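Keep in mind it's a predicted model, so treat the numbers as computed, not measured. Basis for what follows: all heavy atoms, side chains included, without hydrogens, waters or symmetry-related copies. Every chain is numbered from 1, with letters handed out A, B, ... down the list of sequences.
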Amino acid sequence: MQPENIALTEAHWRTLQALADRIIPQDPDWPSGWQAGVGDYLAHQFERDLRHQVEPYRRGLEALDDEARARTGKPFAELGNAAQDGILVAVERGDVFTNWPDAPAFFAMAIQHVNEGFYSDPNNGGNKASVAWHMIGYIVKG
Amino acid sequence: MSANKTYDAIVIGAGGGGGVVAAVLAEGGMRVLILERGREKTFAEIPRDHLRNHRLSLYGQNFGPDDNAGNPRVTVDGQGRERTVLPYEGGYQNNAMGVGGGTRVYGGQAWRFLPTDFKMASTYGVPEGSSLADWPITYDDLAPYYERAEWEIGVSADSELMAQHWPRQKGYPMPAVPLNSQGRLFRSSARQLGWDVFPVPLLVNSVPYQGRPACIQCQHCVGFACPVEGKNGSQNTMLPRALATGRCHLETEAMVTHIDTDGSGKVTGVTYFDGNGEQHVIKTGVVVCAAGAIETARLLLHSASAQQPNGLGNQGDQVGRHLQGHYYPGVMGLMPEPVWDGIGPGVNTATVRWSHGNEDEHGQVIGGGLLADEFVLLPMMFWLRHLPPDVPRWGAANKQFMRENYRRFVEIKGPTQDIPSPDARVTLATSVKDKWGMPVAQLSGTTHPETVRTAKFMWERAGEWIKASGAVKTWGQPPGLGLSGGQHQAGTCRMGHDPNTSVVDAHGRVHGHENLFVADGSVHVTNGGFNPVLTLMALAFRTAEGVLKQR
């Protein structure tokens with residue numbers, strides 16, 4: 001199930017999954033971003049339109065892990081939801097301890113791409129079985 | 001092979017204007033070659049890709065250009081900085097490229113311009129720095145051709161409710177497309193405000209017409225192809241008529257790079273590359289440019305000769321200037337309860353109460369525009385461009401907002417009449433070339449600042465309407481100064497009597513070139529406060545009729 005991409009390691013993917021699932025968290029009724037297929041969307045896009053963003057992702061995900069370790073001693077993916085959200089609020093503000101190329105820009109980029117996977121058509125790899133469209137009430141009839 | 005035959009006329013571009021011209025000329029007995037740089041595509045080849053379409057082109061588009069890297073343009077900002085842009089990027093001002101042109105994927109709003117739209121300078125005066133001008137023709141001159149476009153291409157609208165604004169001889173061929181729940185909401189609130197409203201006229205079948213079915217009210221209209229051919233464009237109306245004569249040949253993937261002229265300025269033919277990259281020179285008696293306001297201007301500029309060193313029709317330095325589209329002031333809001341019923345196309349209820357005769361706190365406002373509700377909104381567009389600024393962009397709160405409000409969301413907006421500037425223009429890029437080696441279009445300048453003022457006035461009216469409809473929260477800002485063009489691109493070969501201030505005469509003929517015509521939005525002197533496609537189709541009928549008469 002783990003999307004494969006030569007430029008990102010398993011550790012990068014774990015961090016990316018944890019990040020995507022805070023951008024679009026699971027709730028009692030509807031799946032998280034990753035559960036809905038955002039990982040597949042990104043894996044596909046990293047070989048297509050986002051191939052020049054793979055390197056910024058690699059650096060950003062490593063910086064996010066460094067930030068999490070500096071604050072908690074653990075990588076981002078091993079933290080609880082509240083701790084992860086706390087770090088992301090700081091990242092969004094650029095209020096970071098570790099060495100980032102541009103923390104708010106990385107986070108803004110990830111927010112957009114994760115939502116592209118979630119809300120665009122299922123042929124793009126995410127939004128499996130149009131789950132996000134059902135959630136908001138966009139029903140394709142014709 | 002088309003190049004071995006002779007043609008009476010060559011039409012460059014198989015879009016809204018080119019289709020009309022080809023049909024009229026071929027039915028009139030002329031042998032016609034249409035050269036279209038894009039491809040013919042089936043419904044399946046124009047995917048419902050929510051990231052790559054002509055409504056939202058984040059990474060590409062579904063109806064051309066197909067080769068992004070091979071078709072760049074250059075933009076120049078206010079500081080003179082040049083940037084190379086690709087078709088899906090905003091500054092490119094893309095329309096579409098393929099058989100049918102923009103009409104293959106448009107929303108198909110079928111507006112006539114109002115009588116006053118043809119007399120903007122004499123109605124309002126000309127603000128300093130603007131090239132606002134009257135048309136050399138009036139609404140009455142164009143009315144019979146609007147009627148032809150409405151009947152021959154196919155428009156659904158309410159003849160009775162629209163009659164007070166547009167004098168007309170004959171009703172519309174089809175009744176209006178039914179209102180959806182959002183359309184009924186805005187009809188009722190407008191009437192409470194005392195505003196007169198009516199259903200948006202559409203080039204969409206409300207009932208079966210000309211052998212094709214009625215619209216099935218799907219959720220992918222504007223920006224996409226129609227699954228049942230219930231949307232009327234060049235590709236399923238005028239182009240089939242042209243081809244049915246047996247006198248018209250459509251060659252796709254054919255890129256015209258030069259219009260060839262002799263020493264007297266008479267057009268002798270065109271030079272083009274076919275789909276295999278092979279170059280052809282083909283002779284003809286008449287050339288009609290219908291490539292869109294940006295590409296037609298580019299082609300005329302690139303067709304310079306010893307006698308016309310600045311490009312064809314460009315003795316007055318007018319080719320490429322006055323580029324216009326529309327500003328789109330809009331106000332977004334949330335209704336207390338869901339109003340979305342998903343019935344497409346979705347743009348339903350319009351008013352032209354604010355098209356003219358407006359005043360703000362400083363006095364007379366130049367022009368105005370229509371206001372209407374919106375097409376069924378793509379979820380991705382809702383998330384990207386339509387959320388209130390105070391909603392968090394991520395996390396549970398964002399997801400919850402999306403979940404609870406997509407069906408409560410409404411928007412009122414409309415095209416505001418651009419006040420033209422001669423500095424908003426298309427020129428040839430000096431160093432960037434396309435895949436055929438032809439200098440690409442370079443876009444620079446902005447519309448006149450009066451446009452911003454008019455747009456702000458319209459934005460305030462949109463806010464009044466949406467608030468009167470019961471919206472519990474509203475947001476959105478009026479547009480700032482910029483260059484417009486895009487799918488409504490117009491103005492770059494404006495019509496007029498004087499070669500020093502215009503490019504074509506009142507019949508679409510390029511000044512100084514007896515057998516060269518333009519039949520697309522380029523010839524619009526001003527672009528109305530309306531989607532311009534029906535006007536450019538009507539003008540194409542009129543221009544083509546003139547070409548036939550001259551034979």
Q | Top contributor to chain A interface from B:Leu51, B:Ile216, B:Leu56 [non-hydrogen pairs under 4.5 Å] | A | B:Leu51
Q.
Looking at B:Glu45 and B:Arg104, is there a salt bridge between them, counting it only when a charged N and a carboxylate O are closer than 4.0 Å?
A. no
Q. By a 4.5 Å heavy-atom criterion (distance strictly below it), what part of B:Val228 contacts chain A: side chain, backbone, both, or neither?
A. neither
Q. Among A:Asp21, A:Asp27, A:Asn127, A:Asn123, which residue forms the greatest number of heavy-atom pairs with chain B at distances under 4.5 Å?
A. A:Asp27
(Q) Can you tell me which residue among A:Phe107, A:Phe106, A:Trp13 is in a ring-ring contact (aromatic ring centres under 6.0 Å, His included) with A:Tyr57? (A) A:Phe106
(Q) Tell me whether B:His54 contacts the main-chain N or O of B:Asn95 through its side chain, where contact means a donor paired with an acceptor under 3.5 Å. (A) yes
Q: Pick one of side chain, backbone, both or neither for A:Gln26, based on which atoms fall under 4.5 Å of a heavy atom in chain B.
A: backbone
Q. Between A:Asn115 and B:Arg393, does any side-chain donor sit less than 3.5 Å from a side-chain acceptor?
A. no
Q.
Less than 4.5 Å to any heavy atom of chain B: does that hold for the side chain of A:Leu50, its backbone, both, or neither?
A. side chain
Q: Please state whether the side chain, the backbone, both or neither of B:Asp341 comes within less than 4.5 Å of a heavy atom of chain A.
A: backbone
Q) Does any N or O in the side chain of A:Arg51 come within less than 3.5 Å of the main-chain N or O of A:Arg48, such that one atom is a donor and the other an acceptor? A) yes
Q) Picking from A:Gly33, A:Pro122, A:Gly137, which has the most non-hydrogen pairs under 4.5 angstrom with chain B? A) A:Gly137
Q: Answer yes or no: is there a donor N or O on one side and an acceptor on the other, between the side chain of B:Asn398 and the main chain of B:Pro392, under 3.5 Å?
A: yes
Q) Quick one: of B:Cys218, B:Gly395, B:Gly344, who has the most non-hydrogen atom pairs under 4.5 Å with chain A? A) B:Gly395
Q | Audit row: A:Tyr138, B:Gln219, side-chain hydrogen bond (donor to acceptor under 3.5 Å, both in side chains) steps and yes/no | A | CA-CA 9 Å; A:Tyr138 172 77; B:Gln219 295 74 38; 6.0 Å; no
Q) Taking A:Ile24, A:Val114, A:Asp29, A:Asp49 one by one, which has the highest count of heavy-atom pairs under 4.5 Å against chain B? A) A:Asp49
